[in-house]
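A, B, ... follow the sequence lines: proteins, then strands. Residue 1 opens every chain.
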Amino acid sequence: MTIRNGGQLVSTETIDGEIATLNLGPTHPATHGVFQNVMKVDGERIISAEPTIGYIHRAFEKIAERRPYAQITPLTDRMNYCSSPINNMGWHMTVEKLIGAELPKRVEYMRVIIMELARIADHLVCNSVIGVDTGALTGFTYMFQEREKIYDMYEEVCGARLTTNIGRIGGFERDFNPTFIKKLKAWLKEFPAKFEEFDRLLCRNRIFMDRVIKAGPISGERALSYGFTGPNLRAAGVDYDVRVMSPYSSYGDFEFDIPVGRDGDTYDRFVVRQEEIRQSLRIIHQALDNLPEGSYHADVPEFYLPDKQEVYTSMEALIYHFKIVMGETPVPAGEVYHSVEGANGELGFYMVSDGGRTPYRLHFRRPCFIYYQAYPEMVKGSVLSDAILTMSSMNVIAGELDA
Amino acid sequence: METQMNNKLLEALQGNFPGKILQAETPYGFLTIEIPPADNVEIVSWLQNHEKWDMNFMTDLCGIHYPENEGKEIGVVYHLHSFKNNLRMRIKAFMPKDKAEIQTMTGLFAAANWMERETYDFYGIQFTGHPDLRRILNVDNMDYFPMLKEYALEDETRTDKTDKFFGR
C-alpha cells in the first residue's frame, strides 16, 4: 500500500507497473479554469505532475506601465475575478499610500463591507465547488444563489457585477444608496441560515469527510517556504493574516477571529474557508452598525473626479476633471508596497513611480501564482481524483495565476 | 517603533556586511537596501537564519529595468517578511544588462522557483543554479524579454499617435 506523508510518496509499490502520461487540461471540465498538467500516472496513482501556466497571460504589468493610475483599476478586476473588489481596493490603497491621501473613516468602513462581501463570495464559490468535485452538486446550486445576491449588491454600489471597477482612488464614486443597505440587511438576515444548512450538508458528512481528509496535504513549514498565504496557509496551521499583521482600512477596529487548521489538507482548507465566511459576516455586522457619518471620498481633488455638475459650473472642477481624465496629475516619485488580504492570500502591489503619469514599474504579488507551484509536491503519490480536489480546494484562479 | 526596528536591522546588516550595503533608505517606512548581486544569497540566508531577525518569508521577487543607469540597468527586487517581528524589508541588487546574472534563491525559499522563472521570462535575468529556468508565462519560442523598457507597448510604426504631450 502507498502511504502518503505530507505529500511525499513513501512507498513506491506500483499498481500495474506501467507508467502512462496523462494530459490534464488546459480545458478540462474538472479544472475550473485554464490549467494544464502533464501527469505521469501509474494506474490512478500520480507519480509526477508538471503544470504549464500562462494560457491567459495578458501582460498586465506591461500594460500598466502605459496607463494612468485610474485606468489600472480595471486591470486588477481581471486578476482574481471571483473577488474583484478586493483587488480594486488594494490598488486604490496603494495609490493612496503613494500620494499620502487621508481617508475619511466612512470610506474605510464602506470598503471593509465590500471587501468582506467579496471574500464571502469567493469562499462560497471555492467551497461549493469542492462539493461539486466530490459529487455533491446541491450545495453549489444554493450557494451560487447567495453569490448572485452579493453581485446584486455590488451592482447597487458600482453598477457592475463581475469585473466591478468598484470605488475610486480616494474613496467611492457615490455613497451607499438605500437599496444597497436594504439588500445588505435582508441578506445578512437570511444568509446565515442557508449557509449553516450548506455547512451541515458537507462539514460533518461522513462521505465528504472520508473523501477530502488527507487529500493534498502540506505542512506549515513547506507552505511557508512555498510562499503560501491566506486560507491555504492558515489551513496548514500558520496564523498569518494581513488584516491582523499589517492592518489597513481600519481593520484594527473590528473584532474577528482567525481560523487555523492543522494538516493543510483539503478538509482543513474547506473548514477554514467556512469559518472565515462566518468571521466576515461578523466584520460586516460591526462595520454596518458603526458606519460613521461623513464623506464617501477623501479630499483629494487632484485625483478624485469632481461632480459632473460642478465641472460645468466651476473653473477648478473643470481643470481637475481635465487633468484627471488626461492623466496629467503629477504624483510623487517613490516606491511603495501595499498588500491586502485577498480571498486567496496576500495580494501585494509593488509600485515604483518616477513622478510620471503612469507607474514606472508595477508588480502584482499574486497569491495564486506563488502557491500553485507547490501543486506537484502536494499531489505526488495521491490518486487522480484527489489531485482534482486539491486544485479546487487551493482555489487557483486562472486570471490571478497568469495576470 | 517601526523606524527603530528598521534602524536596528540596518545597523546589524552594516555591522555584519561592511561595505556591502551600498545604499539604504526607508520610503514609506519600508527599509530598502541595495546590495552587490554577488552577495545576495549570503545576505538573505543570514537574515533568514538569524535568531532575532528571522526573515522567514519571501513575499515577492521581481525584476526592474532602468535603461539610464549604466552598468546597473537590470535589477532584482526581493521583499522579505519576518513574521516574528512583523517587519518587512526590500533588497535590491543591480546588474549590467549584458551580464544579468545572479544566484538563485531557490535553495532558501521554494517560492523563489516560479518567481525567478517569471523574472527571467520578463527581464532575461539568468538565475545561476536555478533547477528549471524556463519561460513561464510567455510562449517558449519567444525571442526577447518583453518587460525591458526598449519594447514599447504599442506598435512603434504607428504615426497617428504621438506621445509628445502625454508622457510615456
ask   = Do we get A/K97 above A/Y337's six-membered ring, with its NZ or CZ under 6.0 Å from the centre and within 45° of the axis?
value = no
request  = Measure A/I56 against the heavy atoms of chain B and call it side chain, backbone, both or neither at under 4.5 Å.
outcome  = neither
key: Heavy-atom contact with chain A under 4.5 Å, split by part of B/R134   = side chain
ask   = chain A: which of B/P146, B/A110, B/C62 shares the most heavy-atom pairs with it under 4.5 Å?
value = B/A110
query = Are more than 12 heavy atoms from other residues, nucleotides or ligands located less than 6.0 Å from atom CD of A/E221?
reply = no
task = For residues B/F30 and B/M89, report the shortest heavy-atom separation together with the two atoms involved.
result = CE2-C, 3.4 Å
request  = Measure centre to centre between the rings of A/Y360 and B/Y66, then say whether the value is under 6.0 Å.
outcome  = yes
message = Please classify the contact of B/V77 with chain A as side chain, backbone, both or neither, using a heavy-atom distance under 4.5 Å.
response = side chain
inquiry  = Quick check against the 3.5 Å criterion: does B/D60 have a side-chain atom that pairs as donor or acceptor with the backbone of B/H79?
reply    = no
note = Okay, B/R135 and chain A: the region with an atom under 4.5 Å from a heavy atom over there is neither
ask   = With no hydrogens and no angle check, do the side chains of B/D121 and B/N138 hold a donor and an acceptor under 3.5 Å apart?
value = yes
inquiry  = Measuring centre to centre across the rings, with the benzene-like ring taken for any Trp, is B/F109 within less than 6.0 Å of B/F57?
reply    = no
key: Residue part contacting chain B, namely of A/R366, when any heavy atom lies under 4.5 Å   = side chain
key: Under 3.5 Å: donor-acceptor pair, side chain of B/K20, backbone of B/I43   = no
message = Heavy-atom cut-off 4.5 Å, strictly under: side chain, backbone, both or neither for A/Y372 against chain B?
response = both
task = Side chain from CB out, backbone as N, CA, C, O: work out which of these in A/T52 comes under 4.5 Å of a heavy atom of chain B, or both, or neither.
result = neither
query = Could you name the residues of residues 342-353 of chain A that have a heavy atom within less than 4.5 Å of a heavy atom in chain B?
reply = A/E346, A/Y350, A/V352
inquiry  = Testing the basics here: between A/L103 and A/A298, what is the closest heavy-atom pair and its distance to 0.1 Å?
reply    = CD2-CB, 3.4 Å
key: Residue part contacting chain A, namely of B/F122, when any heavy atom lies under 4.5 Å   = side chain
message = Run A/Y69 and A/R357 through side-chain contact (heavy atoms from CB on, under 4.5 Å) and show every step you take.
response = CA-CA 7 Å; A/Y69 291 85; A/R357 69 195 285 259; 6.0 Å; no
query = Does any heavy atom of chain A fall under 4.5 Å from the side chain of B/H65, the backbone, both, or neither of them?
reply = backbone
message = If only side-chain N and O atoms count, and only distance matters, is there a donor-acceptor pair under 3.5 Å linking B/N40 with B/Y78?
response = yes
request  = Check whether B/M58 gets within reach of chain A through its side chain, its backbone, both or neither, counting any heavy atom under 4.5 Å.
outcome  = backbone
request  = Taking B/T106 for its side chain and B/A112 for its backbone only, find out whether a donor-acceptor pair lies under 3.5 Å.
outcome  = no
query = Which value, rounded to the nearest 0.5 Å, describes the distance between B/I64 atom CD1 and A/L362 atom CG?
reply = 10.5 Å
task = Identify which part of A/I53 has an atom lying under 4.5 Å from any heavy atom of chain B, answering side chain, backbone, both or neither.
result = both
Inter-residue atom distance A/L401.CG - A/Y371.OH, 0.5 Å rounding = 9.0 Å
message = Tell me whether B/K149 is salt-bridged to B/E73, with the criterion being a basic N under 4.0 Å from an acidic carboxylate O.
response = no
note = Note: A/E377 and A/Y226 closest approach over all heavy atoms is OE1-OH, 2.9 Å
message = Please classify the contact between B/T32 and chain A as side chain, backbone, both or neither, with a heavy-atom cut-off of under 4.5 Å.
response = side chain
inquiry  = Can you tell me which of A/G54, A/S225, A/G227 forms the most heavy-atom pairs within a distance under 4.5 Å of chain B?
reply    = A/S225
key: Considering all heavy atoms, the nearest B/Y120-B/Q126 contact   = CE1-NE2, 3.6 Å
query = Quick one: which residues of residues 80-87 of chain B reach chain A at under 4.5 angstrom, heavy atoms only?
reply = B/H81, B/F83, B/N86
request  = Go through B/I136, B/T59, B/L61 and name the one with the most non-hydrogen pairs under 4.5 angstrom from chain A.
outcome  = B/T59
